[in-house]
Each structure stands twice: as structure tokens, then as C-alpha cells.
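Take a look at the structure below.
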Amino acid sequence: MASLPSVAVSGNIKLDQDFRKHPTSFISSEKSGIANVSYQKSQTIVNSDGSSEPRSLDFREALVMIREGSKVESSYYVPLLQECIDRNSASDAQVVHGHIIKTGSHQDLFVTTFLVNVYAKCRIMENARKVFDKLSRRNVVSWTALMSGYVHNSRPELSIRVFLEMLEAGAYPTNYTLGIVLNASSTLYSIELGKQLHAYSIKYQIDFDTSIGNSLCSLYSKCGNLESAFKAFKKIKEKNVISWTSAISACGDNGDASKGLAFFTEMLSEGIEPNEYTLTSALSLCCTMLSLGAGIQIHSLVIKLGYELNLPVRNAIMYLYLKCGMVNEARKLFNGMEAMSLITWNAMIAGHAQIIDLAEDDLSAYQSGTEALNIFLKLNRSGVKPDLFTFSSILTVCSSMVALEQGEQVHAQSIKSGFLSDIVVATALVNMYNKCGSIEKASKVFIEMSTRTLISWTSMIAGFAQHGRTQQALQLFEDMRIAGVRPNQVTFVSVLSACSHAGMVNEALGYFESMKKDYRIKPVMDHYACLIDMFVRLGRLDEAFGLVKKMDFEPNEFIWSTLVAGCRTHGNLDRGFYAAERLLKLKPKDTETYVMLLNMYISVERWKDVSRVRKMMKEEKLGKLEEWSWITIKDKVHSFKPNDKSHPQSEDVQKYVESLTDQVKSLGYKAVESLELTDEDAETTLFSSTSFHSEKLAIAFGLLNTPNAAPIRVIKNISMCRDCHNFVKFISLLTSREIIIRDSKCLHKFVNGKCSCGDFGALL
DNA sequence: CTAGGGTTAG
């Protein structure tokens, strides 16, 4: 939730008297004097021969007349000004304004009030305020126009100030006025103010009024109170499209997407036609649910109702297709757009960022990441200025891609544009540096943040935990508590994982208990996963398996794979086989698990089991384990596969790996000896020391193409094998380089022959 | 009343 701006909205609002005296002022606009004004679009034109005739004027003709100083009936100003609004032409409005003053029509309250409205809509609030201040008389409509202007120009706090001024001046709010203040309170997330206004609306029995009810519904939704939002919605006597849309988007804001779609269906069956707002809200619900089927149905409804050219609707459809993995459909929409908003770009980048995480295979994840970086480049070249949404999304992409160089460029750009002051952008930046292994830069950004949210703290604690800096992680956790920020479930996962890395059993169990007792946070599977991991690392397998039995959850794939790797490391193969077979039941198509299992059977030469596992793999139609790595150097991504000669430097790179291997052998590196394997097994098990695993190639390439002390950053699609893990430790010792490898399960930071994962991250 | 953003581990 955004923090409240420091605006004086304090003190109770005294509405009582006004409402008691004039309760009807809420519902009737008679007093405003507007209802009786009828305006006309035809003018009496005086021809050159002196005869006169009434006829319609078009906008340009009328403007010309006004520029020439001809007289115009004051009732004609309003349609003319309306036209200025429609054309969003502040300059035309100023011409008309000048004419109004010259002809003395500024004495006309109706016309002048409309001018306030015009300037507000044309986003020149200074002029709106000036016109308002010069009014000799003010009625509720002029006050309301000004308030509404501030709300629409993102100054809700000023709108509330005007509301207070209005009450002081003794004017009576209408239901429309109250609706605007309610909207302002919801923009400010001021539930207190909202509740006061709600109370008054109940007192004067207008809480069932449509526009009040709509505003109340969205106010409660924005402040996170879905129940009250529903109550407000149900109370509305005559529900219109806006009421339904408010209820639907309330569900979206509060994470109950399926309920929102139920509302949408109900609305359709009530015979109410959705508008562009309803459609975008409903599409966004499909998006969170990743419900492509429902989304396609709504898409056809969009076409039927003629909204397919509406930009927000198109953006929502594009984002839906993108998130559901229909990249080509999304791209077609993207390329076919004549008008594009920044949101279109942002949706495209954010969508690709999400695919990276959702992707089943690493190749498409990698392609999405590259595509997102390309779109960002195009956006920059197109001259459109990125905003805070763009920065946070692209930083997430850089994190997933371990693209430190791009990340640093974005960092610089966000400083220049002033968006680094945004908490979300800064947090995304902290996270980017963490994920790229630059813990120093991450903490520098973190320290320089002026305010931090729970997520910022958690991200930094997680960073320290990942880098094996347990003390700093725990210290930061204390700092956070002292700062009065309440940790959540996610924070505790990071804290427990920090303890687990350092083997601090007592501390971990202490935090676990404190989480349950002091913070009333229910442990989830992830917390147990950390504890299990801790016992596994220490070789306390009994306790690890004990926890598996004790917890209320069926262990997930991650817990089983932790157990497999741990049992293997600690030589408890029987338990390892058991865990691996359980893992295979959960993920029968996971080649990595089969390879782990195969390697275990081979190491104890249980050849019967080896052929049984091979048979299982054939039945599942699983082939060789595809493994590859990539490294980003100067905005260019270089990817490597073993035995792949497609890279222009592949020959040099291979030779360099061979020479490195010789050099580290003299430091004590021993390649894993090949067992008596068939060719087939040797290929599948990744044991063969003669083959070049992709991370070795990528690292060699990095060493050849970066300056001497530069860290090397590599990303790998599957877990590292032990041989390579050992090899890279020696390389970091040999070359005195920092080598960071992010594989599919773990961040490895190799410094001086040691790895931050404590050697527990090499699963294969 | 609408579309786009940041956190965890194994």
C-alpha cells in the first residue's frame, strides 16, 4: 500500500449541520441553477446584407467568429467549450475564455463554472483555480468542478482541502460531491476519512445511491477491505455498469479473481452490457488466473461489442495472450497497433518478464528474456520516456537473465530520470544486484533508500542469505524489527535459509518458534524445506526425515531433491534411492532426476538398476539431458552447448578449457574418473571428463574476453554437476577471478577456491 | 469503473 502523502486531512469533518438543514441537497441539483439552463447549438447569424437567419455553426466557424470579436449568445459558450474539451485543446479554450471576459459573460456563473471544468479536463489546474478564485458567487457545482479537477489531475489531497473550504464557506455537498471526496480518499488510501463519509451517507440515507455506492465500493476495495466493498455494492439500489465494474475490479485488487469472473457472468445474465472498463477488468482477471479459455471468450465479446480498437482493451488482451504463453498472438497485436501507449510497451516487457519464470523449458525462458531486453532497447530508441513501471519490470528481467551490464545501465538511467526514488524501482534494483551476485552494490542501493518497505528488507536479507553471509542477514533482520517493520512469511524463509547455510540449528529452530508464537505466522512448506535442508547439510538425516514425517504437508519436489542430493553426499544411498523414486513419482518426466538416480546407481555399480532406470526413461520417451550456459558481454548474449561448434570462437574456447584443465590439475584438481560405462551411459550421466560442459566453455569465453579482474557471470539451464563445481572452484583460485554461476536451482559465487553454496548446490 | 511494477527457498 502506498504511504499517505503528508497532507492535512486531519480532524473530523463537520458535515452535520449542513446535512440536517438541507438533506435534499444531496440528491437534488435544483439549487445549483444548472438544471434549468438549456443551451443551444444554433446561432442567429447576421448576414452581410443585414438579414438574419438561425443556423448551426461548426466549431471552426464559431472560433473564427469569436476571434474576430463577433457577439455570441452566452448559452453558446458551453457547447463550444465542450468541443474544446473533446478536442483536448487548451489553447482554443483560452481563446473562448478571452472572449467571455471581453463580452462580460464571466458574470454568468454557469458559463464560468464550466470554464473551471474545461481547464481541469485540459489539465491546467492553475487556470482552473484562477477562474474559480475570481468567481463572485460560488455554488456547489463550481466547488465540485474544482474538486473533481484535482482528483483527475492526481492531486486528491488538494481536492479534499477544497472540500473542507467548501464546508467552511457553508455550501452543501451533493451526492456527486461526496462521491468525489470518496474517490479522493481511496486514492489516498485514507480509510478513516472514507469511513466518516460513509457514516454520513448512511445517516442521510443516500448510501444506496448509485454513484455513492460505486465510490464506496472502490474505496473499500482499494483499502483492502473486500467484505465492506461487497456490502456497499449490494446496497446499491440501481446497479449500473460502473457498480458492476467496481465490484469486479474489487475482486481483482484483492486477489479473488474467480469471484470477479463470477460477478462478470452474473452481470451479463442480468442483461447489463459491459463497457471498456468492465472488459479490461475482466480480461485482467483472466490474466491473473492464466485462464486463456475465459479470456478468448471475452475477446470475442470485445469484438462483438466493437471495443477491439480501444487501447486499454487491446493492451489487456495483448498482456493476457502474452502471459498465457501465446507469444505470437501477443506480438501480432503489438505490431498491429497504430497508437501505442507507454502501457503497451510496459505490458510487453512485464509480460515477457513473467514468462521467464513461468516457462517450462529454459530455451523459451531465455528467449523471453532476450526479447524483453530488445523491446526495452526499441522503447528507448523510439523516444518514449520510460516510467517507473518500465524500470521495475526491466530490472526484474535483468535479474532473471543475470544481465548485470544492462542492469547497471538501467540503474544509471533511473537515476537520471529520477525514478530511483520510487521504492519499487529501488527494491527491484537491490534484487537485481543480489541476483547478479553483486551483494556490495545491492547493499549500497539498499542503504541509500530513503524509505524501505517489508519487501525491500526481505529482498536484502535474502541477498545476504544467498551469498552465505549469515551474520549480516540476521543483523539486518534485527535492524528491520527495530525499525518497526513486521516480518512476514517470506522474510522468515530467508532468515531460516540463512541459518541453514551456516548450520545454525539452534538459531533456526528459535526463529521458527518465534515466527509461530510471536508473529502468529503459520509455517508453510518452504519453512520446513529450509529446516530439512539444514539437517541434510549437516548430515543429520534422521532429523531431516523426521521433519518430513512430522510436517502437515506432502513433501514437494524440492524437498525430495534436497534429500536425494544430501543422502548422496553423506553416503546414505538407500535413503537416497527411496527419495529419488518418490521424486520421480512427483515429476515422472524430469530428466534431471533420472540422471541423479543413474549417477547414484552407477557409483555403486548396481548395473541392474541402471538398466531398469534407463528403461523407465525410454518409456517416458526421455532423451539426453540438454544442458547449456550463456554469458552476457557488452549487451551481447553468447550461449554455449557441449560439443557445439556454432560459436565463432568455439575452437579457441575449447583449447583454452583444455589448457585450464591441465593447469588446475597441478593445483590438485582431479577429474571424476570414468567408470566402466557404455557410451550411452557416459553421455547421459554427464560424468565423462572428456566432454566439455557448457559452463566450462562459457567461463573460458568470459576469461578470454573480459579485463583481468572482472567477475565472470554465467547462467546455466540445469544444476551444475559436481565435477564442474569442483573444477570452477579451482579456476577461481587459479585466475583470482570471482565467478558467479546461476544454475536452475542455486546461486554459486566462487571466490578463492570456495563456493557460497557450501558445496550443497551441485546436484548432479 | 480500465490496462503495466518490487520479496523467499529448495
Side-chain angles (χ1 to χ4, degrees), chain A residues 183 211 214-215 217-218 221 240-250 252 274-284 287 307 310-320 322 341-351 353-354 387-396 399 419 422-432 434 453-463 465-466 487-498 500-501 524-534 536 555-566 719 744-747 760-761 763:
Chain A
N183 290 342
S211 70
N214 295 348
S215 301
C217 179
S218 56
S221 150
N240 62 10
V241 208
I242 299 180
S243 322
W244 285 96
T245 309
S246 306
I248 291 167
S249 54
N275 62 15
E276 69 213 88
Y277 291 92
T278 329
L279 291 167
T280 29
S281 293
L283 283 165
S284 126
C287 212
Y307 285 110
N310 176 285
L311 188 56
V313 173
R314 275 185 86 113
N315 284 340
I317 294 173
M318 186 190 81
Y319 193 54
L320 169 80
L322 194 53
S341 61
L342 180 56
I343 291 185
T344 318
W345 289 99
N346 287 351
M348 207 62 185
I349 293 171
Q354 310 238 356
D387 68 358
L388 62 175
F389 287 90
T390 328
F391 284 124
S392 44
S393 296
I394 198 65
L395 284 169
T396 312
S399 314
F419 285 120
D422 182 78
I423 300 180
V424 177
V425 172
T427 304
L429 194 60
V430 169
N431 193 41
M432 186 277 292
N434 277 335
T453 62
L454 167 66
I455 297 184
S456 332
W457 287 97
T458 304
S459 184
M460 197 60 229
I461 293 171
Q466 264 194 340
N488 70 359
Q489 195 202 82
V490 178
T491 320
F492 275 105
V493 174
S494 298
V495 170
L496 291 179
S497 118
S500 145
H501 279 258
V524 293
M525 179 110 65
D526 300 339
H527 299 121
Y528 285 103
C530 290
L531 295 179
I532 291 169
D533 177 57
M534 173 178 72
V536 164
N556 62 12
E557 51 184 283
F558 300 114
I559 291 184
W560 286 125
S561 79
T562 306
L563 288 167
V564 176
S719 296
S744 58
K745 295 227 167 66
C746 185
L747 177 94
F760 282 87
L763 296 181

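Chain letters run A, B, ... following the sequence lines, proteins first, then strands; residues in each count from 1.
Note on Ser246(A): only backbone sugar-phosphate atoms sit closer than 4.0 angstrom, heavy atoms only; bases stay farther off. Base contact: Ser456(A) has a heavy atom under 4.0 Å from a base atom. Contact annotation for Ala350(A): backbone-only contact, meaning every heavy-atom pair under 4.0 Å involves sugar-phosphate atoms and none involves a base. Among the atoms of the strands shown, base atoms are found under 4.0 Å from some heavy atom of Val425(A).
The base of dG6(B) lies close enough to the side chain of Thr453(A) for a donor and an acceptor atom to sit less than 3.5 Å apart. With hydrogens and angles left out, the side chain of Asp387(A) and the base of dG4(B) share a donor-acceptor pair within 3.5 Å.
The separation between Leu395(A) atom CG and dG6(B) atom P is 10 Å, rounded to whole Å. Between the CG atom of Leu747(A) and the C1' atom of dG10(B) there is a distance of 14 Å, rounded to whole Å. Atom pair Asn488(A):CG and dA9(B):P shows a separation of 13 Å (rounding to whole Å applied). The distance from atom CD of Gln466(A) to atom C1' of dG10(B) is 11 Å, rounded to the nearest whole Å. Computed from coordinates, the Asn275(A) CG to dT2(B) C1' distance equals 8 Å when rounded to whole Å. The distance between atom CG of Leu342(A) and atom P of dA3(B), rounded to the nearest whole Å, is 15 Å. Leu322(A) places its CG atom 13 Å from the C1' atom of dA3(B), with the value rounded to the nearest Å. Taking atom CD1 on Ile461(A) and atom P on dT7(B), their separation rounds to 15 Å, with Å as the unit.
OP1 and OP2 of dC1(B) both lie 4.0 Å or more from every side-chain N or O belonging to Ser281(A). Checking the phosphate oxygens (OP1, OP2) of dT7(B), no side-chain nitrogen or oxygen of Gln489(A) falls inside 4.0 Å. For the pair Asn240(A) and dC1(B), the criterion of a side-chain N or O lying under 4.0 Å from OP1 or OP2 is not met. Residue Asn434(A) places no side-chain N or O under 4.0 Å from the OP1 or OP2 atom of dT7(B). Between His501(A) and dG10(B) there is a side-chain polar atom (N or O) within less than 4.0 angstrom of OP1 or OP2. One finds no side-chain N or O of Asn431(A) lying less than 4.0 angstrom from the OP1 or OP2 phosphate oxygen of dG6(B). Under 4.0 angstrom from either OP1 or OP2 of dA3(B) there lies no side-chain N or O belonging to Tyr307(A).
Between the side chains of Asn214(A) and Ser211(A), no donor-acceptor pair is found at a separation under 3.5 Å. Thr453(A) and Ser456(A) form a side-chain donor-acceptor contact under 3.5 Å, judged by distance and modelled atom types alone. No donor-acceptor contact under 3.5 angstrom links the side chains of Thr491(A) and Ser494(A), judged on distance only. With 3.5 Å as the limit, one finds no donor-acceptor pair spanning the side chains of Ser246(A) and Ser218(A).
With distances taken from any side-chain atom of Asp533(A) to the nucleotides dG10(B), dC1(B), dG4(B), the minimum falls on dG10(B). Side-chain atoms of Pro312(A) lie closest to dA3(B) of the nucleotides dA3(B), dT8(B), dG5(B). Here dA3(B) is the nucleotide among dG4(B), dA3(B), dG10(B) with the atom lying nearest to any side-chain atom of Ser341(A). For Ser284(A), whose side chain is taken as the heavy atoms from C-beta onward, the closest listed nucleotide among dC1(B), dG6(B), dG4(B) is dG4(B). When distances are taken from the side chain of Ser218(A) to each of dG10(B), dG5(B), dC1(B), the shortest belongs to dC1(B). Minimum atom distance to the side chain of Asp526(A) is reached by dT8(B), of the listed dT8(B), dC1(B), dG6(B). Distance from the side chain of Val493(A) is smallest to dA9(B) among dC1(B), dA9(B), dA3(B). Comparing dT2(B), dG4(B), dT7(B) by their closest approach to the side chain of Ile343(A) singles out dG4(B). Closest to the Thr458(A) side chain, of the nucleotides dT7(B), dG10(B), dT2(B), is dT7(B).
Of the inter-residue distances, the one linking Asp526(A) atom CG with Asp533(A) atom CG reads 12.0 Å to the nearest 0.5 angstrom. Here Asn434(A) contributes atom CG and Met460(A) contributes atom CE; the two are 5.0 Å apart, rounded to the nearest 0.5 Å.
In this structure, Phe389(A) does not count as stacked on the base of dG5(B) under the 5.5 Å centre distance and 30° plane angle limits.
Checking Asp387(A), Leu395(A), Thr390(A) one by one against Val425(A), the side chain to side chain contact (heavy atoms under 4.5 Å, CB included) holds for a single residue, Leu395(A).
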